[in-house]
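One structure below.
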Amino acid sequence: MAGARETQFPQRTPIRARVDHAVIIIGAGFSGINAAIELKARGIQDFVLLERAADVGGTWRDNVYPGCACDVPSYLYSYSFAPNINWSMTYSGSAEIQSYIRCCVDRYGLTDRLRFGVGIVRADFDVVGGFWRLTDAAGRVHTARAVISAIGGLVEPLMPAFAGMNEFTGDIMHTARWNQDVVLFGKKVVVIGTGASAIQIIPSIAVQVADLTVLQRTAPYVLPKLDRAIPSGVKQWFRRLPWLHTLTRRLILGLTEGVIGPAVILNGFMAKLMTRYALSHMRRVISDPALREVMTPDYQVGCKRVLFSSAFYPAITQDHVHIETVGLERLTPGGIRLADGREIDADVIVMATGFKVNIAKSPFPIVGEDGLSLEQRWSAPGGKAYKGVACAGVPNWFFMLGPNTGPGHTSILIYTEAQASYIADAVGVLLNQNLTALSVKPEVMSRYHHKLQRRMRRTSWTSGCKSWYLDEHGENHTLFPGLASEYAWSMRRFKPKEYDLRA
Ligand code: N01
């Protein structure tokens, strides 16, 4: 638990250069805050969190569309060291998660470390001084001996450039940039997409709109979601017997690791069971054979993210909700035109079209040793990042939720906790030994990368579907091809011998 290892690494004053801070964390979402908590737990006090927005929370600050919630159970979607007994639902809504994040900021005394409105646009490593020079959008420079990049992987909305976007006279909104001022009641609405965001928004708005057309390109696998209010009696038991809460969390983790994980990662027996379960869920709700056919996925389960909702199928069986699988030709002043020439009137178009994935892409120029940028390094063969946290030639720079560290089956916080602890240990070595550079050995990174990609070939993610998990070459640099517990175990100890340490 963070907080238990107080002052493991006493700090020394940097001798080589005057820097603003020992550590800068970029981003104040779940992972950046996790990293900050771990630094503090080790007595590393000289750090700040630079956040380009005006509040903490990242994903949960930005996603406020109707029905926005987590599809991982509440007791697992919270830090293991900061259990929340007061979750109101078995699956939490975005507002409740956001207030949990704010509570953690208060509880771990991070408020005075937050710097809002600071968006980093460039980073340069000073090889002689052994520090990073970060330039923000206003041209200000921030320096630190180590940087923890916690910028999130699904941040920038993907807005497909449909023809006629400028002609449409109604409102267009992306799910991640929801405009609360747009009234949907009694309106004709088109939702583009049937991914994780869409299946939450569709049931939530179907009850208020006059007409809802959903454009589906690929049918998702949808499992039922046991979304229930948590009775106060349960909370009282958890308060009285904290171990019961811990046990519940472990049982949920066990379920995601033992059942959901194998089913979505590998094409085996569990995958077959999950396919049958998902299809029977669909058939139980949808009786119309034509709609059943449209909603039947044509790819291996797990290849795209498996979705959880008990409300999506009932919503699309309503008379005023229509699923269209014919492609979109263009937007018109009054709505949309489909590829078969049909016109559909719309007052509002909702883009539930996902994100520009930047998990294995350099978000801005990050120039490490030899004047080489991260983009140049990552476009060459030989690997992206060791354990997803460190890249050879980019010293003193650590990624939270970097390449190949995402899950398709469980809570992402299992990964962030493992990373935050590992990175804080690495930063501790850097500061304690007063090094100018701590950089993963190229051969260590390359070996790791090739092993990981060999395993990747056996996963459902590379079984032939198109998904945001894959890059333009069909390679998966987003997810970890194993269970969360395996990843966390591999991160339990920072091994200095795997790194080049320069005094
Ligand atoms: O985005 P998506 P999302 N024309 O990319 C369709 C996380 N998340 O925002 O499948 C027509 O999944 C696209 O079609 P196709 C989670 O990791 C978590 O829903 O590419 N359609 C698809 O149907 C998730 O995976 C939670 O054929 C177009 C949809 O738009 C990730 O965020 C909740 C199109 C995009 O689906 C992204 O989810 C919500 C086009 N040009 C999200 N372009 C939790 O609860 C795209 N589509 C934790």
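Note that the structure is predicted; figures quoted are calculated from it, not measured. Worth knowing before you read on, the calculation uses all heavy atoms, side chains too, and leaves out hydrogens, waters and symmetry mates. Ligands are counted one by one from 1 in listed order, and the atoms in each one are counted from 1 as well. Index from 1, following the sequence.
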> So F355 and H174, ring-ring contact (aromatic ring centres under 6.0 Å, His included) or not? Walk me through it.
Replying inline: CA-CA 10 Å; F355 298 86; H174 189 277; 5.8 Å; yes
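- By the side-chain hydrogen bond (donor to acceptor under 3.5 Å, both in side chains) test, Q318 pairs with no residue at all, sequence neighbours left out.
- S204 and G67 get closest at one heavy-atom pair: OG-CA, 3.2 Å.
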Could you list the donor-acceptor pairs under 3.5 angstrom formed between side-chain atoms of residues 52-61 and any protein atom two or more places apart in sequence or on another chain?
{"from": "R52", "atom 1": "NH1", "to": "E156", "atom 2": "OE2", "distance (Å)": "3.4"}
{"from": "R52", "atom 1": "NH2", "to": "E156", "atom 2": "OE2", "distance (Å)": "3.1"}
{"from": "D55", "atom 1": "OD2", "to": "Q98", "atom 2": "NE2", "distance (Å)": "3.4"}
{"from": "D55", "atom 1": "OD2", "to": "R102", "atom 2": "NE", "distance (Å)": "3.2"}
{"from": "D55", "atom 1": "OD2", "to": "R102", "atom 2": "NH2", "distance (Å)": "2.5"}
{"from": "W60", "atom 1": "NE1", "to": "Y77", "atom 2": "OH", "distance (Å)": "2.9"}
{"from": "R61", "atom 1": "NH1", "to": "E51", "atom 2": "OE2", "distance (Å)": "3.2"}
{"from": "R61", "atom 1": "NH1", "to": "D55", "atom 2": "O", "distance (Å)": "2.8"}

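- R458 pairs by the salt bridge (charged side-chain N to carboxylate O under 4.0 Å, His left out) definition with nothing, not counting sequence neighbours.
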>> Pair E486, R455 - check salt bridge (charged side-chain N to carboxylate O under 4.0 Å, His left out), show working.
In response: CA-CA 13 Å; E486 180 199 339; R455 282 181 73 181; 2.7 Å; yes
What are the atom names and distances for all N or O pairs under 3.5 Å between ligand 1 and the protein?
{"from": "ligand 1", "atom 1": "9 (O)", "to": "S197", "atom 2": "OG", "distance (Å)": "2.7"}
{"from": "ligand 1", "atom 1": "10 (O)", "to": "K304", "atom 2": "NZ", "distance (Å)": "2.8"}
{"from": "ligand 1", "atom 1": "17 (O)", "to": "R305", "atom 2": "NH1", "distance (Å)": "3.3"}
{"from": "ligand 1", "atom 1": "19 (O)", "to": "A196", "atom 2": "N", "distance (Å)": "2.9"}
{"from": "ligand 1", "atom 1": "19 (O)", "to": "S197", "atom 2": "N", "distance (Å)": "2.7"}
{"from": "ligand 1", "atom 1": "19 (O)", "to": "S197", "atom 2": "OG", "distance (Å)": "3.4"}
{"from": "ligand 1", "atom 1": "20 (O)", "to": "R217", "atom 2": "NH2", "distance (Å)": "2.9"}
{"from": "ligand 1", "atom 1": "23 (O)", "to": "T194", "atom 2": "N", "distance (Å)": "2.9"}
{"from": "ligand 1", "atom 1": "23 (O)", "to": "G195", "atom 2": "N", "distance (Å)": "3.4"}
{"from": "ligand 1", "atom 1": "25 (O)", "to": "W468", "atom 2": "NE1", "distance (Å)": "2.9"}
{"from": "ligand 1", "atom 1": "27 (O)", "to": "R217", "atom 2": "NE", "distance (Å)": "3.0"}
{"from": "ligand 1", "atom 1": "27 (O)", "to": "T218", "atom 2": "OG1", "distance (Å)": "2.5"}
{"from": "ligand 1", "atom 1": "30 (O)", "to": "A352", "atom 2": "O", "distance (Å)": "3.1"}
{"from": "ligand 1", "atom 1": "45 (O)", "to": "A69", "atom 2": "O", "distance (Å)": "3.1"}
{"from": "ligand 1", "atom 1": "45 (O)", "to": "D71", "atom 2": "N", "distance (Å)": "2.7"}
{"from": "ligand 1", "atom 1": "45 (O)", "to": "D71", "atom 2": "OD1", "distance (Å)": "3.2"}

